[in-house]
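This report concerns only the one structure given below.
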Amino acid sequence: MRWSNTLIPTIKEVPADAEIPSHQLMLRAGLIRQLMAGAYTYLPLGWKAIQKAAQIVREEMNAADAAELHMPALQPLGLFERTNRKEAFGSVLIQFDVPRGNRQIPMALGPTHEEVVTDLMSHCISSYKQLPLTVYQIQTKFRNEERPRFGVLRTSEFLMKDAYSFSSSVEQLDEIYDRMYRAYCRIFARCGLKYLPVEAESGPIGGDASHEFMIPADNGEDSIVYCETSGYAANMERADTGRTAPEIKTSANAGTLEKQATPEATSIEQVSKLLGCEPSQMIKTLIYVADEEPVAVLIRGDHEANEGKIRRALDAASVEMADDKTVQEVTGAPTGFAGPVGIKCKIIADHDIPVIENAITGANEADSHLLNVNVGRDYQLETTYDLRNAEAGDPCPKSGAPLTIVHGIEVGHVFKLGTKYTEALDAQFLDEKEKRHPIIMGCYGIGVNRIVAGLAETRHDEKGLIWPLSIAPYEVLVIPLNTKDEEVMQTAERYYSELKAAGVDVLFDDRNARAGVKFNDADLIGIPYRVVIGGKGLKNGEIETKWRTAENAEMIAVDAGIAPIL
Ligand code: ATP
Ligand code: MG
Ligand code: MG
Ligand code: MG
């Protein structure tokens, strides 16, 4: 493509209303222009980048055995009423009445296509033999976002790759979900994006039923908490809360551990003797019975103050507190809540127990215990955590290593949907025994615009954009220095046509403009490789080549032709 035949309206100044680098640079490099809040035109350079991203997405979807189709953006509102999503979407759903004869038909512009695709499958699928099946499209979505902002990162009209899987069993769904997850990793890697898959809201199936793919970026609207050591990563909005199980480490690092048979005590005096202290030094104890299995909970500190905490912990472990607070026999090494226990106790009720460090503790083995055990070093009491409010440096509940918190841009989302839509819209299949079941669904979205905007946000320098080869609007930019010079233009034209013929995506800056202007624009639009023709170099039979990311240019002989460039 010749620069003079396309539209690349670059801007020198930083546009006043663009707050973040990607928005500023995409405007300045002539990729996009705003029509109104939340609506942008993609100019030729921007559209080429979008097309390249879409093609990578398409190739990987096809490779993952998903079949491409295309569904209407214009949809009957009734479908959203049947799934209750008219309410759920609220003002995000763009809806209106369309006159047909003397009737008004309520319609919506699709914010996503679960309804349409499920309705389609309710008519096309009848037997388990047709399953599993995954379809996808790359199509415009409409969402009346409350705050369209940050250029094309959040717009009211955007290009989404949305895939939907249909299966007859949860196992089939799991397999497709994993395949899609892996395809997403390949897509974002091929697009040159740094990405982080994080746990997101879990669907009706529970477990790890949803992941978002995040581009770590200071201006991202989501917050992510992650741990490099354990691999835990989650959207903070939906991060885990819970408690860590008490952990007794019987590994060599405990050093002085010594296994011993559990001592027995049938009175509080014996307990105090075993623990090596006076009964007066003791504080409150509670003893609970869980099912058949006795469990001791020995509390360090004031029992009243801890009661709420204990009750919550017991609830979580489905342990009921015995009303009379008595117990027949307590074997230490509690399954639940480690403390300074490790004594077989008989008839100990609501008595006092001392606070002791370095006490006897459980070996997680019936009737045996460990001596000289330190809290922290050798065993860990249970702790509660709420990663929704985590702060950087807090310990990871899995590894104990410090957590990292960063902002991120959600670029993709995979979700095990279950049967929510197929039940609402009557999409069923018959199993081997001719029994009817709702089809089990998954859905998988990628924001194609966000791939491009995410790259602009994370790959630039003070001079402009830095595209990866795979998404760059053009791979090579040919710049003749003086378009009035016949030899310069002849050589440049030859490079341009030969590179094109060799299948290289090449832009030819044929403008009659000063070299400085051309170089500044070249850096701004960020084409990965540039070829400069003219000046002293050409007099010496050489042209100058330079990667956008390289410090220095390299000279290559004109005689060598385009071979060194390919
Ligand atoms: P967000 O949390 O940013 O609002 P979402 O969770 O509502 O996104 P999904 O419904 O999961 O988005 O849609 C799938 C993908 O579509 C998202 O991962 C994102 O990449 C893209 N996307 C969603 N909304 C927009 C938008 N308004 N503009 C551009 N891309 C969007
Ligand atoms: Mg949203
Ligand atoms: Mg989201
Ligand atoms: Mg999402």
State the [atom1]-[atom2] distance between [X] and [Y], to the nearest 0.5 angstrom.
X      : Y      : atom1 : atom2 : answer
Leu93  : Glu87  : CG    : CD    : 10.0 Å
Arg186 : Glu60  : CZ    : CD    : 4.5 Å
Leu153 : Ile215 : CG    : CD1   : 8.0 Å
Leu45  : Tyr474 : CG    : OH    : 6.5 Å
Asn219 : Ser22  : CG    : OG    : 7.0 Å
Asp394 : Cys227 : CG    : SG    : 11.5 Å

Report task. Would you please indicate if the ring centroids of Tyr181 and Tyr444 are separated by under 6.0 Å? Result -> no

Query raised in the report: Does atom CG of Asp431 have more than 12 heavy-atom neighbours, drawn from other residues, nucleotides or ligands, at distances under 6.0 Å?
Result: yes

Between [X] and [Y], is there a side-chain N and carboxylate O pair less than 4.0 Å apart?
X      : Y      : result
Asp386 : Arg388 : yes
Asp523 : Arg530 : yes
Arg548 : Asp461 : yes

Check whether any side-chain heavy atom of [X] sits under 4.5 Å from a side-chain heavy atom of [Y], and report yes or no.
X      : Y      : value
Phe429 : Ser127 : no
Ile525 : Pro473 : no
Val452 : Tyr42  : no
Leu524 : Leu25  : yes
Phe213 : Ile446 : no
Phe150 : Glu221 : yes
Ile224 : Ile405 : no

Using only heavy-atom distances, determine whether the side chains of [X] and [Y] contain a donor-acceptor pair under 3.5 Å.
X      : Y      : value
Glu59  : Gln55  : yes
His437 : Tyr128 : no
Thr118 : Glu114 : no
Asp510 : Ser4   : yes

Requested in this report: Please lay out, stage by stage, how Ser223 and His407 fare under the test side chain to side chain contact (heavy atoms under 4.5 Å, CB included).
Outcome: CA-CA 4 Å; Ser223 295; His407 288 286; 3.6 Å; yes

Report task. Grab the two heavy atoms, one from His413 and one from Ala200, that are nearest each other, plus how far apart they are. Result -> NE2-CB, 4.1 Å

Query - Exercise: identify the closest heavy-atom pair between Tyr195 and Ala189 - result: CE2-N, 4.0 Å

Query raised in the report: Relative to the ring of Trp547, is the ring of Tyr529 parallel (under 30°), tilted (30 to 60°) or perpendicular (over 60°)?
Result: perpendicular

Report task. Report the C-alpha distance between Phe158 and Val152 in whole Å, list the side-chain angles of each, state the deciding distance to 0.1 Å, and finish with yes or no for side chain to side chain contact (heavy atoms under 4.5 Å, CB included). Result -> CA-CA 8 Å; Phe158 59 96; Val152 294; over 6 Å; no

Query raised in the report: What's the verdict on side chain to side chain contact (heavy atoms under 4.5 Å, CB included) for Thr83 and Leu425, showing C-alpha distance, side-chain angles and the deciding distance?
Result: CA-CA 7 Å; Thr83 58; Leu425 298 172; 3.9 Å; yes

**Report entry** Matching residue for Glu68 among Lys161, Gln137, Arg58 - test: side chain to side chain donor-acceptor pair (under 3.5 Å)
**Finding:** Arg58

Report summary line: side chain to side chain donor-acceptor pair (under 3.5 Å) with Lys141: of Thr155, Thr112, Asp162, only one passes, and it is Asp162

Query raised in the report: Under 6.0 Å from the six-membered ring centre of Tyr421 and within 45° of its axis: does the NZ or CZ of Arg85 meet both?
Result: no

Query raised in the report: Does Tyr177 have Lys416 sitting over its ring (NZ/CZ under 6.0 Å from centre, angle to axis within 45°)?
Result: yes

Query raised in the report: Can you list the steps and then say if Phe188 with Ile451 is a side chain to side chain contact (heavy atoms under 4.5 Å, CB included)?
Result: CA-CA 8 Å; Phe188 299 129; Ile451 293 180; 4.2 Å; yes

